[in-house]
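Because the structure is a prediction, the values reported are computed rather than measured. Numbered from 1 within each chain, the chains take letters A, B, ... in sequence-line order.
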2 protein chains.
Amino acid sequence: MSAELWLNQLHENGYRVTAARRAVVETVEKSTRALTPVEVYDLSRKKYRALGLVTVYRTLEKLEELHLIQRVHQPMGCQAFISMGQGHQHLLLCQNCGQAAFFEGDDLEALTKSISKKTGYQIQEHWLQLFGLCANCR
Amino acid sequence: MSAELWLNQLHENGYRVTAARRAVVETVEKSTRALTPVEVYDLSRKKYRALGLVTVYRTLEKLEELHLIQRVHQPMGCQAFISMGQGHQHLLLCQNCGQAAFFEGDDLEALTKSISKKTGYQIQEHWLQLFGLCANCR
DNA sequence: TACTTATTGACAATGATTTTCAATAACAAA
DNA sequence: TTTGTTATTGAAAATCATTGTCAATAAGTA
Ligand SMILES: [Mn+2]
Ligand SMILES: [Mn+2]
Ligand SMILES: [Zn+2]
Ligand SMILES: [Zn+2]
């Protein structure tokens, strides 16, 4: 049902709610693993057969812009997207099936402060991502 | 002088040491920021004018395979390479000029153990990267 | 010095993403 | 509801980065 929220977000930001966007949003929002544009295309076309790949690219672009999805970087490639977690969260990815889990509670305060002093950098952001095997795949 | 070490590594692994590879290695090894293939090409051609871009791609491929360089992921793109740090290190990147610094000493034991118990994942690897402003740019 | 063959750069081919464009449909206003 | 404006669409073409092909060259060993 959160797909409706995403569509609201689009609407509130002046974008129109179309059948194409509906299909893409429903696909991406409910996925528990990162999807590439082509994967989104294939899955979404089951809901809306006339969908074009170009529209998938354009819709993903807008969802990213609205911070509803995020790009997922992996050793094998960086063109996959997954819904954005709530608040400050990071990703834990299964190296076998791609299943994603969000986690929070990382405390890098001490580390960044120490690194900052050591290097002279003013630290503003961090990327943290864990890889492993999910309960099913281990 | 570490460029010589890289060339040795290539040689020891059955690869020939050529003028093209020498130019690429010298460029990448001494860079303190991540370079894209085209950047490597442009910089290296100052040392070896006949160099082809294709050779840059192929050389980077081999350097990565020998773990002498690593791919650097950034919001703006993921096709840049930088020398691999010694041992278990992570990158701290300047968001303004790209200047890179390595750091170590991150302790994620407690976190991964907790996440592992909570999610059921068996955690095997982690990516950590810091972004900020270097001493010059802040 | 000679010989084997890995490596080279030019060019072509591929694959992913972006741009163009005329037709369509969303939606605000009447 | 009807209408008018214009954002959005899919198809096709264009672009861009990366990879493959190939004959000529040169590295490294004997
Ligand atoms: Mn964090
Ligand atoms: Mn670490
Ligand atoms: Zn799994
Ligand atoms: Zn800087």
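Clustering ILVMFWY residues whenever any of their side-chain heavy atoms sit less than 4.5 angstrom apart, transitively, puts Val40(B) in the very cluster that holds Leu10(B).
Taking side-chain N and O atoms only, Gln79(B) has no distance below 4.0 Å to OP1 or OP2 of dA17(D). In this structure, Arg21(A) reaches the dT9(D) phosphate: one of its side-chain N or O atoms is under 4.0 Å from OP1 or OP2. Regarding contacts with the backbone of dA7(D), every side-chain N or O of Thr18(A) stays at 4.0 angstrom or more from both OP1 and OP2. Contact annotation: His11(B) does not reach the phosphate of dA6(C) (side-chain N/O to OP1 or OP2, under 4.0 Å).
Between the side chain of Asp107(A) and the backbone N or O of Glu109(A), at least one donor-acceptor pair lies under 3.5 Å.
Closest approach to the Tyr57(B) side chain among dT7(C), dA17(D), dT8(D) is made by dA17(D) (side chain taken as heavy atoms from C-beta onward). Among the nucleotides dT9(D), dA12(D), dT21(D), the one closest to any side-chain atom of Val54(A) is dA12(D). Of the listed nucleotides (dT20(C), dT5(D), dT7(C)), dT7(C) has the atom at the smallest distance from the side chain of Lys62(B). With distances taken from any side-chain atom of Ala20(A) to the nucleotides dT5(D), dT9(D), dT4(C), the minimum falls on dT9(D). Taking the side chain of Arg58(B) as heavy atoms from C-beta on, and the options dT21(D), dA7(D), dT5(C), the nearest nucleotide is dT21(D).
No side-chain heavy atom of Leu7(B) sits under 4.5 Å from any side-chain heavy atom of Tyr15(B).
Rounded to whole Å, atom P of dA6(C) lies 15 Å from atom CG of Leu10(B). Remark: C1' of dA10(C) and CZ of Arg45(B) are 13 Å apart, rounded to the nearest angstrom. Remark: C1' of dA17(D) and CG of Leu35(B) are 17 Å apart, rounded to the nearest angstrom. Atom CG in Leu53(A) sits roughly 13 Å away from atom P in dT9(D) (whole-Å rounding). Spacing between atom CG of Leu60(B) and atom P of dT8(C) amounts to 12 Å, rounded to whole angstrom units. Rounded to whole Å, the distance from CZ on Arg16(A) to P on dT24(C) is 16 Å. In this structure, Tyr48(B) atom OH and dA27(D) atom C1' are separated by 12 Å, rounded to whole Å. Rounded to whole angstrom, the span from the CG atom of Asn13(B) across to the C1' atom of dA27(D) amounts to 16 Å.
When each of Leu51(A) and Glu61(B) is assigned the nucleotide of DNA chain D bearing its nearest heavy atom, the one mapping closer to the 5' terminus is Leu51(A). Along DNA chain C, the nucleotide closest to Ala19(B) and the one closest to Pro37(A) are compared, and the more 5′ of them pairs with Ala19(B).
Two rings, from Trp127(B) and His73(B), have their centers less than 6.0 Å apart. Taking the six-membered ring for Trp and the full ring otherwise, His126(A) and His90(B) have centroids separated by 6.0 Å or more.
If you check every strand for non-hydrogen atoms under 4.0 Å, Val38(B) touches nothing. Ala50(B) comes within 4.0 angstrom of sugar-phosphate atoms only, judged by non-hydrogen atoms across all strands, and of no base. At a threshold of 4.0 angstrom between heavy atoms, the contacts of Tyr41(A) with the nucleic acid are absent.
No more than 12 heavy-atom neighbours from other residues, nucleotides or ligands sit within 6.0 angstrom of NZ on Lys113(A).
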